[in-house]
Amino acid sequence: MSLTGKDLRGITVATVLPFDETGAIDWEGYAAVLDHCAKPETTDCVFVNGHAGEATALSEAERDEVIRTTRDHIGKDRLLLAGVVPTGYPEAVKQAEAAREAGADVAVIFPPEALGGGNASTRAPVAFMEKLARELAMSMSVFQFPIASGFGYSTEALAEMAQIPEIVAIKEGSATMLAYDENRRAVKAAAPDVAILPSNFHWFLPQLALGGDGILSGLASLTPGLLAELWQASEAQDLARMRAVNDRLYPVVRAIYGPAPVVDMHTRMKDGLKMMGIIKCATPRLPLLPQSEAIVEGLRAALIQAEVL
Ligand SMILES: N[C@@H](CC=O)C(=O)O
């Protein structure tokens with residue numbers, strides 16, 4: 001399938017993955033999660049094996065099975081993105097090829113460890129993506145990490161990567177609005193067809209107010225309807241409606257992304273799905289840990305306030 005960034009506009013759900021009490025993937029629960037969050041009425045594209053799907057805690061075989069299961073569930077016509085979480089170049093090729101074979105349309109490339117430690121703002125990430133694109137010849141998305149992590153690429157690097165023909169999207173999660181806006185402007189100037197998929201934690205309204213091609217978030221696993229409404233209001237340039245939806249979202253967003261560490265956000269989303277009766281167990285795989293009762297109860301109150309529970 002030959003894709004452009006336009007095909008990726010809208011809501012992309014980064015799916016969470018439930019496990020049972022023994023730590024095995026709960027496939028029945030996962031099907032229920034997809035029924036809840038991947039309906040065409042709310043959701044345009046599905047992204048698996050990202051942070052939300054605990055990709056680094058899965059075996060290669062499990063990651064491939066997640067892709068195959070999702071493809072079977074959503075059908076052949078919906079766009080399926082899959083995370084590639086490599087230690088280095090050979091691993092990136094191997095994982096992306098396996099993802100394509102299992103049914104993914106777009107490989108979302110996480111930065112390997114060597115691109116941290118100061119390398120994120122050199123030309124190294126561009127050289128990495130160029131070689132990968134030539135070898136894979138498949139649609140790819142850059143996974144932009146928070147700048148504060150040391151893995152967030154520079155604006156210049158992103159604008160250069162966006163000109164690689166295989167790159168169709170940037171999953172933009174710089175986690176500051178200034179970096180988001182600078183990156184968005186630079187990428188659109190360099191490659192107007194490349195989709196900017198905003199994924200800046202709690203900044204759902206501000207990132208769309210600045211501009212973007214949709215929303216990519218794990219939160220769409222939990223509250224797909226509210227995010228779809230926000231996106232539709234943004235497309236209609238209806239600020240009053242955006243604010244109204246954002247006010248409903250606010251308590252949920254704060255309960256999910258507020259308490260440190262933010263990396264526990266997806267476990268909290270699974271806690272919410274458990275409260276909704278969609279999955280039976282919210283326990284993540286190590287090194288993540290279950291959430292405290294205070295956090296879980298804070299989330300319950302937030303979901304009730306947002307009228308989604
Ligand atoms: N921004 C994402 C997390 C990062 O991968 C989310 O909101 O789920």
Side-chain angles (χ1 to χ4, degrees), residues 8 10-18 33 36-38 42-58 63 66 81-86 106-111 116 120 141-153 169-177 179-180 183-184 195-208 210 212-224 226-228 230-231 246 249-273 282 284-285 287-288 291 299 302:
L8 293 164
I11 300 291
T12 296
V13 59
T15 52
V16 296
L17 186 66
V33 171
H36 172 68
C37 70
T42 56
T43 305
D44 300 282
C45 307
V46 179
F47 171 36
V48 300
N49 294 338
H51 279 149
E54 293 176 60
T56 55
L58 305 181
R63 282 197 293 265
V66 166
L81 298 81
V84 165
V85 287
V106 180
V108 183
I109 314 294
F110 284 57
S141 167
V142 177
F143 191 113
Q144 170 73 346
F145 264 55
I147 302 295
S149 71
F151 286 93
Y153 304 132
I170 313 281
K171 183 262 189 211
E172 217 301 338
S174 291
T176 85
M177 280 302 95
Y180 171 71
N183 293 342
R184 182 184 69 83
I196 292 285
L197 302 177
S199 187
N200 286 288
F201 302 106
H202 36 263
W203 298 106
F204 290 98
L205 186 151
Q207 63 191 6
L208 289 183
L210 288 168
D213 291 302
I215 297 172
L216 186 158
S217 179
L219 194 63
S221 285
L222 181 63
T223 57
L226 289 177
L227 292 187
L230 182 64
W231 168 240
N246 194 55
L249 263 175
Y250 178 77
V252 180
V253 166
R254 294 307 298 145
I256 295 283
Y257 299 96
V262 73
V263 77
D264 283 343
M265 61 197 148
H266 301 118
T267 306
R268 296 168 192 154
M269 291 168 199
K270 291 202 284 189
D271 280 310
L273 288 166
R285 275 194 184 166
L288 299 177
Q291 296 301 283
L299 176 61

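Here, residue 1 is the first one in the sequence, and each next residue gets the next number. Numbering of ligands and ligand atoms starts at 1, following listing order. Keep in mind that the numbers below use all heavy atoms, side chains included, and drop hydrogens, waters and symmetry copies.
F47 and F110 have tilted rings, their planes meeting at an angle from 30° to 60° on a 0 to 90° scale.
Between the S199 side chain and the L216 main chain, a donor and an acceptor come within less than 3.5 Å of each other. A donor-acceptor pair under 3.5 Å is absent between the side-chain atoms of T223 and the main chain of A220, judged by distance alone. Distance alone, capped at 3.5 Å, places no donor-acceptor pair between the N49 side chain and the A82 backbone. Side chain of S174 to backbone of A179: no donor-acceptor contact under 3.5 angstrom is found.
Defined by atom type and a distance below 3.5 Å, a donor-acceptor pair is present between the side-chain atoms of E172 and N183.
In this structure, atom 3 (C) of ligand 1 lies nearest to the protein heavy atom M265 CE, 3.5 Å. Among protein heavy atoms, atom 5 (O) of ligand 1 sits closest to H51 ND1, 3.0 Å. Nearest non-hydrogen protein atom to atom 4 (C) of ligand 1 is K171 NZ, 3.3 Å.
The part of F143 lying near ligand 1 is the side chain, judged by heavy-atom distances below 4.0 Å.
In terms of polar-atom proximity, G218 is counted as a contact of ligand 1, with an N or O under 3.5 Å from an N or O of the ligand. Backbone and side-chain nitrogen or oxygen atoms of N200 are examined, and none is located within less than 3.5 angstrom of a nitrogen or oxygen of ligand 1.
In plain terms, the two heavy atoms of L273 and V16 that are nearest each other are CD1-CG2, 3.5 Å.
For S199, the closest heavy-atom approach to ligand 1 falls below 4.0 Å.
For ligand 1, the atoms lying closer than 4.0 Å to a non-hydrogen atom of Y257 are 6 (C), 7 (O), 8 (O). Listed by number with element, the atoms of ligand 1 under 4.0 Å from a non-hydrogen atom of H266 are 3 (C), 6 (C), 8 (O).
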